[in-house]
Amino acid sequence: MAFWCQRDSYAREFTTTVVSCCPAELQTEGSNGKKEVLSGFQVVLEDTVLFPEGGGQPDDRGTINDISVLRVTRRGEQADHFTQTPLDPGSQVLVRVDWERRFDHMQQHSGQHLITAVADHLFKLKTTSWELGRFRSAIELDTPSMTAEQVAAIEQSVNEKIRDRLPVNVRELSLDDPEVEQVIKILGTEKGKKNRTNLIFLAGNRVLKWMERSHGTEKALTALLKCGAEDHVEAVKKLQNSTKILQKNNLNLLRDLAVHIAHSLRNSPDWGGVVVLHRKEGDSEFMNIIANEIGSEETLLFLTVGDEKGAGLFLLAGPPASVETLGPRVAEVLEGKGAGKKGRFQGKATKMSRRMEAQALLQDYISTQSAKE
């Protein structure tokens with residue numbers, strides 16, 4: 001049975017009669033990604049303007065007497081409409097389709113058929129399946145790869161056929177009818193399953209939306225990079241190279257600074273017991289260079305880098321037995337995590353504001369050890 005939505009794809013509303021209405025449940029996926037079960041009713045109509053899922057095209061959304069239809073599925077020669085409000089059998093109802101969703105699906109589906117036919121005609125590439133995605137669609141072709149020239153030839157051919165107004169159904173439309181205006185953009189290919197290739201495309205209004213997003217990005221990049229769109233790639237490459245040079249220079253400076261700090265700490269009159277240092281700038285390598293340069297196993301070295309009141313990194317170095325005992329306790333005080341071996345314990349902390357508590361813990365430990373001796 002062909003439903004009214006198939007006999008007239010452009011019909012947006014339709015008056016029909018309710019045949020039956022039975023309690024039912026619908027399994028859906030909530031906004032949090034978890035599956036949910038909705039209680040409602042399965043409504044069968046004499047005919048429908050809402051397309052049930054099939055042929056690679058998702059089902060329509062719409063309303064029956066302003067009651068939302070959450071799913072439409074085919075069961076034999078009838079369509080089941082899931083609603084959360086019952087409808088009286090025998091009553092006459094007005095069915096309306098969510099036209100924006102429907103027209104988008106029509107464009108993608110028609111585009112798939114056209115690309116499939118052209119790929120087969122030009123290069124004998126057979127379509128094995130296709131997927132209508134939320135933002136883009138994919139056709140799986142029975143080939144391990146495609147050349148850029150093949151992709152370009154398919155795109156040129158399908159758009160020529162669209163401009164030639166080739167009919168897609170039995171209804172004849174005038175050449176200036178906006179409903180037949182469509183364009184297809186092939187974005188490229190991706191490796192598919194089992195030695196096959198996915199051809200990625202957009203059709204109809206999705207091309208316009210894609211162009212609008214791309215144009216917006218292009219304008220933003222033009223303002224940021226201070227150059228025309230044709231120079232964007234080269235400008236970004238230059239920025240990337242400059243960034244790499246700056247990062248390398250910054251790393252060398254940090255290394256030199258770490259060596260200088262290590263020598264200063266070692267030669268300080270306050271050397272011994274617990275030695276503490278915090279810097280806003282730095283990383284794990286910076287702290288390890290300091291610990292390596294100092295190389296003492298008699299003193300506890302407590303180094304931290306990062307936001308003084310927020311998150312950061314820490315390193316505890318010194319006698320292996322002491323570090324093994326104190327490292328996890330320091331991590332707990334700083335509300336962080338870490339690991340260690342051979343006289344080093346380092347990790348991430350979320351509460352650098354508790355550094356003084358960690359320092360007090362270390363000093364208490366040293367005092368207790370000294371008293372025992």
Side-chain angles (χ1 to χ4, degrees), residues 2 5-12 51 54-58 60 99-192 195-219 228-230 232-233:
C5 55
Q6 296 169 296
R7 300 195 298 274
D8 184 357
S9 300
Y10 290 92
R12 304 192 185 194
F51 179 75
Q57 181 169 318
D60 284 337
W99 178 249
E100 183 177 1
R101 174 185 168 95
R102 156 71 76 75
F103 190 51
D104 173 50
H105 290 173
M106 287 168 58
Q107 290 174 316
Q108 309 317 307
H109 201 162
S110 296
Q112 175 265 312
H113 281 296
L114 184 53
I115 295 172
T116 289
V118 170
D120 187 18
H121 175 72
L122 292 182
F123 304 111
K124 305 301 180 185
L125 296 174
K126 302 295 184 183
T127 292
T128 50
S129 67
W130 86 289
E131 178 187 7
L132 198 166
R134 184 179 177 186
F135 297 110
R136 64 177 200 171
S137 300
I139 296 173
E140 184 184 76
L141 298 175
D142 193 10
T143 178
S145 64
M146 292 179 66
T147 66
E149 290 75 18
Q150 286 177 313
V151 172
I154 292 173
E155 180 176 285
Q156 179 179 349
S157 179
V158 296
N159 284 301
E160 284 176 352
K161 295 184 185 306
I162 291 170
R163 288 191 292 271
D164 289 341
R165 303 297 198 271
L166 293 182
V168 295
N169 55 37
V170 296
R171 198 159 58 98
E172 292 186 5
L173 303 172
S174 61
L175 293 180
D176 59 349
D177 193 319
E179 290 183 332
V180 301
E181 293 293 338
Q182 181 173 308
V183 67
I184 289 175
K185 174 60 183 173
I186 297 180
L187 300 179
T189 61
E190 293 179 355
K191 187 176 181 180
N195 212 31
R196 290 171 178 165
T197 298
N198 293 333
L199 190 63
I200 311 301
F201 74 96
L202 307 171
N205 291 339
R206 291 195 185 189
V207 178
L208 298 178
K209 292 178 180 179
W210 176 73
M211 289 183 64
E212 184 178 357
R213 287 194 301 269
S214 298
H215 182 60
T217 301
E218 183 179 288
K219 287 175 64 178
E230 65 279 2
H232 284 175
V233 173

> What do the steps show when you test His215 against Met211 for side-chain contact (heavy atoms from CB on, under 4.5 Å), and what is the final call?
Replying inline: CA-CA 6 Å; His215 182 60; Met211 289 183 64; over 6 Å; no

> Among Asn159, Val118, Thr116, which residue meets the side chain to side chain contact (heavy atoms under 4.5 Å, CB included) test with Ile154?
Replying inline: Val118

Which atom of [X] lies closest to which atom of [Y], heavy atoms considered:
{"X": "Arg101", "Y": "Pro58", "result": "NH2-CB, 3.9 Å"}
{"X": "Phe51", "Y": "Gln6", "result": "CE1-NE2, 4.0 Å"}
{"X": "Thr189", "Y": "Thr197", "result": "CB-CG2, 3.7 Å"}
{"X": "Ala203", "Y": "Gly111", "result": "CB-CA, 4.5 Å"}

Distance (rounded to the nearest 0.5 Å) between [X] [atom1] and [Y] [atom2]:
{"X": "Glu155", "Y": "Phe201", "atom1": "CD", "atom2": "CZ", "value": "12.0 Å"}
{"X": "Asp120", "Y": "Leu125", "atom1": "CG", "atom2": "CG", "value": "8.0 Å"}
{"X": "Ile184", "Y": "Ile115", "atom1": "CD1", "atom2": "CD1", "value": "4.5 Å"}
{"X": "Asn198", "Y": "Lys191", "atom1": "CG", "atom2": "NZ", "value": "11.5 Å"}
{"X": "Ile139", "Y": "Gln112", "atom1": "CD1", "atom2": "CD", "value": "5.0 Å"}
{"X": "His105", "Y": "Glu100", "atom1": "NE2", "atom2": "CD", "value": "10.0 Å"}

> Does His232 have any ring pair (Phe, Tyr, Trp, His ring centres under 6.0 Å) partners at least two apart in sequence or in another chain, and if so, which?
Replying inline: none

>> Set out, in order, the CA-CA distance, both residues' side-chain angles and the distance that settles side-chain contact (heavy atoms from CB on, under 4.5 Å) for Trp99 and Met106, then state yes or no.
In response: CA-CA 10 Å; Trp99 178 249; Met106 287 168 58; 4.1 Å; yes

> Passes side-chain contact (heavy atoms from CB on, under 4.5 Å), Phe135 versus Lys209? Steps please.
Replying inline: CA-CA 10 Å; Phe135 297 110; Lys209 292 178 180 179; over 6 Å; no

Using modelled atom types and a 3.5 Å cut-off, is there a donor and acceptor pairing between side-chain atoms of [X] and backbone atoms of [Y]?
{"X": "Ser129", "Y": "Glu140", "value": "no"}
{"X": "Arg165", "Y": "Arg163", "value": "yes"}
{"X": "Arg136", "Y": "Ile200", "value": "no"}

>> Please determine whether side-chain contact (heavy atoms from CB on, under 4.5 Å) holds for the pair His121 and Ser157, giving the CA-CA distance in whole Å, both sets of side-chain angles, and the decisive distance to 0.1 Å.
In response: CA-CA 10 Å; His121 175 72; Ser157 179; over 6 Å; no

> Take atom CZ in Arg196; do more than 12 heavy atoms of anything else shown fall under 6.0 Å from it?
Replying inline: yes

>> For Asp104, run the side chain to side chain donor-acceptor pair (under 3.5 Å) check against Gln107, Gln108, Arg102 and tell me which one passes.
In response: Gln108

If you look only at distance, which donor and acceptor atoms sit under 3.5 Å apart when one is on a side chain in residues 142-150 and the other is two or more places apart or in another chain?
{"from": "Thr143", "atom 1": "OG1", "to": "Ser145", "atom 2": "O", "distance (Å)": "3.0"}
{"from": "Thr147", "atom 1": "OG1", "to": "Gln150", "atom 2": "N", "distance (Å)": "3.1"}
{"from": "Gln150", "atom 1": "OE1", "to": "Thr147", "atom 2": "N", "distance (Å)": "3.0"}

